[in-house]
There are 2 protein chains.
Amino acid sequence: MKRNDALLEPFEALCREKGLALTVQRRAVLKDLAPRKDHPTADQVFESVGPQVPGLSRTTVYRVLDSLAKAGVIQEVGHLGTAMRYDPRVQRHHHLLCVECARVLDIEDPRLDALKAPTGTGFEISDYSVYFKGRCPDCRKKRPR
Amino acid sequence: MKRNDALLEPFEALCREKGLALTVQRRAVLKDLAPRKDHPTADQVFESVGPQVPGLSRTTVYRVLDSLAKAGVIQEVGHLGTAMRYDPRVQRHHHLLCVECARVLDIEDPRLDALKAPTGTGFEISDYSVYFKGRCPDCRKKRPR
DNA sequence: CTCCGTGCAAAAGGTTTGCACTGGT
DNA sequence: ACCAGTGCAAACCTTTTGCACGGAG
């Protein structure tokens with residue numbers, strides 16, 4: 001058994017559970033992503049995996065990452081779609097994201113405005129924001145669970 | 001004095017303070033963005049402002065939003081550059097973002113793992129994550145304040 | 001008067017799509 | 001054998017850049 005197989009196993013189990021076929025390409029992407037802590041872009045994964053899997057296309061890496069994320073095997077990070085969004089409010093506040101319609105709501109909650117920044121990271125922290133993910137009232141009405 | 005001028009004033013004051021010229025275009029963008037709560041993209045602002053300011057170009061809207069954000073007059077929302085990023089970790093954890101080099105670090109902090117979700121929003125909340133912004137150790141060393 | 005800010009056009013990313021083929025299950 | 005998944009190429013969308021002109025300070 002190769003060195004990374006133990007690390008890969010939970011991911012593959014999750015794929016089977018979700019009915020995602022375990023193709024050579026999916027395994028290769030997972031094997032590359034699993035140990036990484038740098039939150040790579042699709043392109044970075046492609047650059048890193050590509051050479052090891054002859055014929056692997058960039059498109060496939062995009063599709064594999066997308067399907068894995070939709071199935072909950074991996075996660076997309078800090079991103080609300082492809083385009084940058086702007087907010088006229090500069091003071092500290094937090095956000096509610098609808099995972100279905102991508103709507104973003106501001107929320108005020110004094111309890112969230114006094115979180116302690118983590119220490120020992122060497123970072124000089126200037127601000128923070130909490131992002132809640134969920135389904136908005138409209139989407140819940142349209143497609144109840 | 002028109003209806004929105006009171007709303008606009010703090011933004012314009014901030015522009016003067018930061019040395020940003022108050023052009024017709026900047027005023028138009030600010031006037032459009034100021035009352036909005038939907039976190040629009042640059043294109044959405046352009047669609048909405050464009051018709052009112054003949055000759056206003058899309059490029060300018062991008063540049064105006066960028067300069068306003070860099071000056072701290074408005075804010076960019078939940079976005080780490082243009083490309084989507086992926087994380088192999090699906091369990092709850094939080095992030096440290098370097099605003100200079102765009103590096104993203106995972107952080108573990110049990111104190112952050114038990115935040116109360118806001119109530120009364122009608123959202124069905126499934127998860128959340130805290131994003132801290134700051135300057136990483138490397139960037140602090142390279143360009144100390 | 002001097003630059004910063006702008007418009008236009010073109011390029012540079014990043015991502016998605018149509019279609020035919022192939023390989024998991 | 002069936003259908004999900006793939007490769008390729010082209011389209012698409014968002015953002016950036018070069019250059020010349022014009023208006024705010």
Side-chain angles (χ1 to χ4, degrees), chain A residues 8 11-32 39-71 73-74 76-86 102, chain B residues 8 11-32 39-71 73-74 76-86 102:
Chain A
L8 239 46
F11 292 100
E12 304 199 340
L14 220 43
C15 283
R16 282 186 213 99
E17 196 177 306
K18 302 285 183 171
L20 293 184
L22 281 167
T23 63
V24 179
Q25 295 85 344
R26 289 216 176 112
R27 274 187 227 266
V29 166
L30 280 172
K31 185 169 175 181
D32 184 76
H39 311 80
T41 64
D43 248 58
Q44 288 169 335
V45 172
F46 174 70
E47 294 302 332
S48 153
V49 177
Q52 300 162 49
V53 182
L56 174 66
S57 79
R58 190 184 312 270
T59 307
T60 295
V61 173
Y62 276 95
R63 277 193 283 224
V64 164
L65 289 169
D66 185 58
S67 56
L68 292 175
K70 282 204 168 42
V73 179
I74 62 174
E76 301 183 334
V77 183
H79 198 293
L80 314 165
T82 294
M84 175 75 84
R85 288 156 172 267
Y86 294 89
Chain B
L8 238 46
F11 291 101
E12 304 198 340
L14 221 42
C15 283
R16 283 187 212 98
E17 196 177 306
K18 302 285 184 173
L20 294 183
L22 281 168
T23 62
V24 179
Q25 294 86 344
R26 288 214 176 112
R27 272 186 230 265
V29 166
L30 280 172
K31 185 170 176 181
D32 183 77
H39 312 79
T41 64
D43 246 58
Q44 288 170 334
V45 172
F46 174 71
E47 293 303 331
S48 153
V49 176
Q52 300 163 49
V53 182
L56 175 66
S57 79
R58 191 184 310 270
T59 307
T60 295
V61 174
Y62 276 94
R63 277 192 284 224
V64 164
L65 289 169
D66 184 58
S67 56
L68 292 175
K70 281 204 169 41
V73 178
I74 62 174
E76 301 183 336
V77 183
H79 199 292
L80 314 165
T82 292
M84 175 77 83
R85 288 157 173 266
Y86 293 91

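Reckoned from all heavy atoms, side chains included, excluding hydrogens, waters and symmetry mates. Note on naming: letters A, B, ... go to the chains in the order of the sequence lines (proteins, then strands), and numbering restarts at 1 for each one.
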Report the distance from atom [atom1] of [X] to atom [atom2] of [N], rounded to the nearest whole Å.
X: B/Y62; N: C/dA11; atom1: OH; atom2: C1'; result: 15 Å
X: A/Q44; N: C/dG13; atom1: CD; atom2: C1'; result: 13 Å
X: B/L80; N: C/dG14; atom1: CG; atom2: P; result: 14 Å
X: A/D43; N: C/dT16; atom1: CG; atom2: P; result: 12 Å
X: A/L22; N: C/dG24; atom1: CG; atom2: C1'; result: 9 Å

Have a look at A/R63 and say if it touches a base, only the backbone sugar-phosphate, or nothing, with a 4.0 Å heavy-atom cut-off.
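Answer is base: heavy atoms of A/R63 come under 4.0 Å of a base.
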Within the 4.0 Å heavy-atom criterion, would you say A/T23 contacts the bases, only the backbone, or no part of the nucleic acid?
sugar-phosphate
- Side-chain contact, heavy-atom cut-off 4.5 Å: B/V64 with B/L30? no
Judged by each residue's nearest nucleotide on DNA chain C, which is more toward the 5′ side, A/T41 or B/V53?
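Comparing both residues, the 5'-ward one is B/V53.
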DNA chain C nearest-nucleotide lookup for B/L20 and B/T59: closer to the 5′ end is B/L20
message: To check you understand the geometry: which heavy-atom pair defines the closest contact between A/S67 and A/L20, and what is its length?
response: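 It is O-CD1, 4.1 Å.
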Tightest non-hydrogen contact, residues B/F11 and B/I74, listed as CE2-CG2, 4.4 Å
Nearest-nucleotide check on DNA chain D, A/S67 vs B/R27; residue mapping nearer the 5' end is A/S67
Residue pair B/D66/B/A21 against DNA chain D: nearer the 5' end by closest nucleotide is B/D66
Can you see if the side chain of [X] gets near the phosphate of [N] - specifically, an N or O under 4.0 Å from OP1 or OP2?
X: B/S57; N: C/dG7; value: yes
X: B/T60; N: C/dG7; value: yes
X: B/Q25; N: C/dG7; value: yes

Under 4.0 Å between a Lys/Arg side-chain N and an Asp/Glu carboxylate O for B/R85 and A/E76?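 No, no charged N to carboxylate O under 4.0 Å.
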Students should find that the nucleotides of DNA chain D closing off the region near chain B, any atom under 4.0 angstrom from a heavy atom, are D/dT14 to D/dG25
Strictly distance-based, threshold 3.5 Å: is any side-chain N or O of B/R58 a donor or acceptor partner for the main-chain N or O of B/F46?
no
Sidechain-backbone polar pair: A/T60 side chain, A/L56 backbone, donor-acceptor under 3.5 Å: no
(Q) Holding to side chain to side chain donor-acceptor pair (under 3.5 Å), I want the full list of residues that pass it with A/K70, two or more places apart in sequence or in another chain. (A)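 For A/K70 the side chain to side chain donor-acceptor pair (under 3.5 Å) partners, ignoring immediate neighbours, are A/D66.
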